[in-house]
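For reference, the structure is listed below as structure tokens.
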Amino acid sequence: MIENVQTDADSFPWWKRGVIYQIYPRSFQDSNGDGTGDLRGITERLDYLSWLGIDAFWISPFYPSPMADFGYDVSNYRDVDPLFGTLADFDALVEEAHARGLKVVIDFVPNHTSDQHPWFVESRSSRDNPKRDWYVWRDPKPDGSPPNNWLATFGGPAWTLDEATGQYYLHGFLPQQPDLNWRNPEVKEAMLDALRFWLRRGVDGFRFDVAHHIMKDPELRDNPANETPGILHKPMGDFDSQLHVMDRMHADLHPTYQEIRAVIDSFNTETQPRFMIGETHIFEPVQWASLYGEQLNEMHMPANFGLLRAQWNAKSVRAHVDSIEAALPAGAWPNYVLSNHDDWRTATRVGPPQAKVAMMLLLTLRGTPTIYYGEELGMENVEIPPDQEQDPAGLRVPGIGMGRDPERTPMQWDASPNAGFAPEGVTTWLPLAPDYKTRNVAVEKADPKSILNLTNELLELRKSHPALAVGDYAAIDGVPDECFVYTRSTAGQRVLIALNLTNQEHQFTLPYTGTGQVVTSTGKDRTGKISLTFMVLQPNEGILIDITGAKLA
Ligand code: ISL
């Protein structure tokens with residue numbers, strides 16, 4: 001008897017039942033031979049995305065920008081940087097994507113602008129400029145030091161002194177990324193209006209960059225010291241010496257998110273429900289879950305980065321998933337991610353033999369998965385020679401692995417010079433991975449056992465199996481500590497996912513009788529019926545089994 005289950009996948013909006021694919025636009029496809037990817041390049045590759053089977057893609061920022069942080073320093077919220085193309089290119093991309101049934105999610109950077117944004121240029125021009133209060137300006141302490149102890153994510157204090165006006169401005173990231181003052185109603189209105197600009201152009205949703213940063217302690221009190229450094233998901237240097245409780249997550253985030261959500265919802269139609277996901281690096285599950293809003297009227301989904309931080313072993317991964325399921329407010333929908341443009345490639349983090357297991361996990365958990373471009377190929381971090389390093393995080397805080405270039409290298413399309421990413425002879429903005437001739441879309445499409453074909457199959461299975469897309473999750477107890485085994489169930493269907501997170505064979509008994517039907521496996525070497533009473537998982541193996549109708553032992 002299958003109880004307490006969801007049934008009809010079609011009644012779920014696309015952002016719940018679907019899969020999001022993240023495109024870092026500099027690195028996806030260069031259409032004009034300047035060595036950097038662009039919007040037309042994405043349009044040229046839409047057939048690939050359709051074939052792959054994703055539902056939506058999110059494009060990291062393409063706004064006009066001095067590129068101090070490669071687009072996360074926006075100097076105009078209503079245009080496209082010439083490096084990436086034009087507004088007309090964007091409109092064409094949306095039209096072509098929608099024609100294929102693909103949703104378009106764009107990055108929105110609410111916490112900070114570029115220091116070259118006209119708003120900041122005005123704001124810094126004098127203490128009594130009408131835009132002064134659009135940013136966070138404070139006098140130095142009597143000894144001339146910054147107003148409080150806050151640190152910038154990418155090294156150094158979060159305050160820079162403007163010599164001309166004698167005040168410090170706040171920047172949670174680079175000095176070239178001054179923080180906006182969201183408590184100023186004019187700022188809020190200007191930003192909401194920028195959202196409307198893109199909603200009118202047809203975007204299906206937004207990813208809100210560092211959404212938890214936009215509201216800080218209004219009294220700007222010091223952060224307390226962090227007595228247990230190492231709690232962040234990657235080495236962050238001095239930034240990790242503090243608990244970031246005052247420089248983010250102030251309670252008035254909630255009414256602000258509600259106002260943003262109301263604007264987005266006001267563009268909903270029957271056929272086009274809009275959506276927002278917040279980039280929220282909050283790891284305490286209850287605090288994270290609060291960002292859905294008490295009435296589920298804030299973030300449709302606060303991004304959940306817990307899997308990036310979990311140790312790669314079955315106990316930690318299961319503990320994380322169970323904690324998310326437990327913390328989730330009634331009616332809210334979970335989400336998972338294994339890598340992005342700020343974090344290590346999955347194959348590098350978990351080791352190449354585990355990459356397929358990781359992909360099977362991501363695409364079979366209950367919750368919307370986001371796949372970072374190239375993960376479907378098993379791309380790895382690429383070592384960047386020091387003289388080619390680009391990322392300001394790595395350049396400003398060298399030597400501890402903060403640089404993000406290794407996970408941002410060009411997409412590997414084929415074995416031709418420049419991997420089909422850019423024309424032959426062009427110098428690409430970051431070097432290509434050394435393995436691109438053997439690890440690319442063309443080679444992997446032709447290999448039935450590739451991670452690309454596994455990803456493609458799992459994406460198709462999510463469409464054909466409501467249990468995988470929207471079914472309930474239940475972990476199975478009594479299996480070896482090295483394996484993570486769970487079911488996904490709808491009223492009419494139950495599938496079981498058995499993942500071996502080690503390179504050793506494991507044997508165990510499942511709490512079901514009889515046999516199940518193999519749907520697929522990471523090795524693509526299993527077919528037919530499989531015993532549920534005695535299961536053997538090969539090293540680094542994941543199996544997906546249809547157990548609809550199986551009886552509990
Ligand atoms: O603060 C952190 C850890 O607690 C960082 O992980 C931080 O949240 C993360 O670096 C934020 O990233 C986003 O905003 C940055 C940009 O450089 C990143 O690429 C973007 O994803 C500034 O806009």
Side-chain angles (χ1 to χ4, degrees), residues 20 22-27 58-63 65-75 77 105-115 117 150-156 158 170-180 191 206-216 223 226 228-249 253 277-284 287-288 291 302-309 337 339-344 370 372-373 390-397 400-408 430:
I20 302 171
Q22 182 192 352
I23 293 177
Y24 195 66
R26 302 182 78 85
S27 301
W58 143 41
I59 318 171
S60 285
F62 49 75
Y63 306 97
S65 166
M67 303 289 168
D69 188 18
F70 295 110
Y72 284 96
D73 48 324
V74 177
S75 56
Y77 287 96
V105 175
I106 65 171
D107 220 305
F108 192 68
V109 189
N111 180 65
H112 42 264
T113 68
S114 160
D115 63 346
H117 195 298
W150 295 357
L151 297 170
T153 307
F154 300 147
L170 179 67
H171 53 87
F173 292 86
L174 297 173
Q176 298 96 319
Q177 292 168 298
D179 281 21
L180 283 162
M191 295 301 272
F206 299 94
R207 174 265 190 191
F208 276 76
D209 188 61
V210 285
H212 56 311
H213 277 242
I214 64 173
M215 288 297 182
K216 301 104 170 127
N223 279 324
N226 179 10
T228 52
I231 60 159
L232 301 176
H233 66 293
K234 61 189 280 190
M236 300 291 291
D238 281 350
F239 187 73
D240 199 12
S241 67
Q242 299 182 347
L243 290 176
H244 294 277
V245 291
M246 294 296 173
D247 55 0
R248 55 175 75 173
M249 280 298 274
L253 269 183
I277 182 168
E279 191 216 10
T280 45
H281 286 274
I282 304 297
F283 293 99
E284 199 290 302
Q287 209 190 8
W288 163 78
L291 300 176
N304 163 29
F305 293 99
L307 283 182
L308 286 170
R309 202 176 159 211
V337 62
S339 58
N340 58 39
H341 64 296
D342 297 330
D343 292 277
W344 281 29
T370 301
Y372 185 47
Y373 84 93
Q390 305 272 353
D391 181 29
L395 292 168
R396 288 169 59 91
V397 190
I400 61 165
M402 262 185 72
R404 300 164 295 179
D405 296 329
E407 58 262 24
R408 296 178 174 179
L430 279 176

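When reading the values below, keep in mind they use all heavy atoms of this one structure, side chains included, and skip hydrogens, waters and symmetry mates. Just follow the structure's listing: the first ligand is 1, and inside any ligand the first atom is 1.
- Legend: residues meeting side chain to side chain donor-acceptor pair (under 3.5 Å) with His117, ordered by chain and number and at least two apart, are absent.
- Every residue two or more places apart in sequence or in another chain that forms a side chain to side chain donor-acceptor pair (under 3.5 Å) with Tyr24 is listed here: Arg408.
- Taking only non-hydrogen atoms, the option from Arg404, His112, Met236 nearest to atom 3 (C) of ligand 1 is Met236.
- Taking every heavy atom of Arg248 and a limit of under 4.0 angstrom, the matching atoms of ligand 1 come to 1 (O), 4 (O).
- Between His341 and ligand 1, an N or O atom pair is found at a separation short of 3.5 Å.
- Of the candidates His171, Glu279, His212, His281, it is His281 that places a heavy atom closest to atom 8 (O) of ligand 1.
- When non-hydrogen atoms are compared, ligand 1 lies under 4.0 Å from neither the backbone nor the side chain of Phe70.
- Side chain to side chain, Asp209 and Asn111 fail the donor-acceptor criterion of an N or O pair below 3.5 Å.
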Checking Asp69 against Gln177 for the side-chain hydrogen bond (donor to acceptor under 3.5 Å, both in side chains) test, could you report, in this order, the C-alpha distance in whole Å, the side-chain angles of both residues, the deciding distance, and whether it holds?
CA-CA 8 Å; Asp69 188 18; Gln177 292 168 298; 3.0 Å; yes

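- Neither the backbone nor the side chain of Met402 has any atom closer than 4.0 Å to an atom of ligand 1 (non-hydrogen atoms only).
- Using a 4.0 Å cut-off between heavy atoms, Arg207 contacts ligand 1 through its side chain alone, with no backbone atom that close.
- Shown in contact with Arg408 at under 4.0 Å from a heavy atom are these atoms of ligand 1, numbered in order with element: 19 (O).
- Between the side chains of Tyr72 and Ser60, at least one donor N or O lies within less than 3.5 Å of an accepting N or O.
- Centroid-to-centroid, the aromatic rings of His244 and Phe239 come within less than 6.0 Å.
- For atom 11 (C) of ligand 1, the nearest non-hydrogen atom from the set Asn340, Leu174, Asn111, Val210 comes from Val210.
- Ligand-side atoms of ligand 1 in range of Asp69: 15 (C), 16 (C), 17 (O), 22 (C), 23 (O), range being under 4.0 angstrom from any heavy atom.
- Checked by atom type, the side-chain pair His341/Glu407 shows no donor-acceptor distance below 3.5 Å.
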Is there a ring-ring contact (aromatic ring centres under 6.0 Å, His included) between His213 and Phe173? Walk through the geometry before answering.
CA-CA 11 Å; His213 277 242; Phe173 292 86; 5.3 Å; yes

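- Neither the backbone nor the side chain of His244 has any atom closer than 4.0 Å to an atom of ligand 1 (non-hydrogen atoms only).
- Heavy-atom proximity to Phe154, at under 4.0 Å, picks out these atoms of ligand 1: 17 (O).
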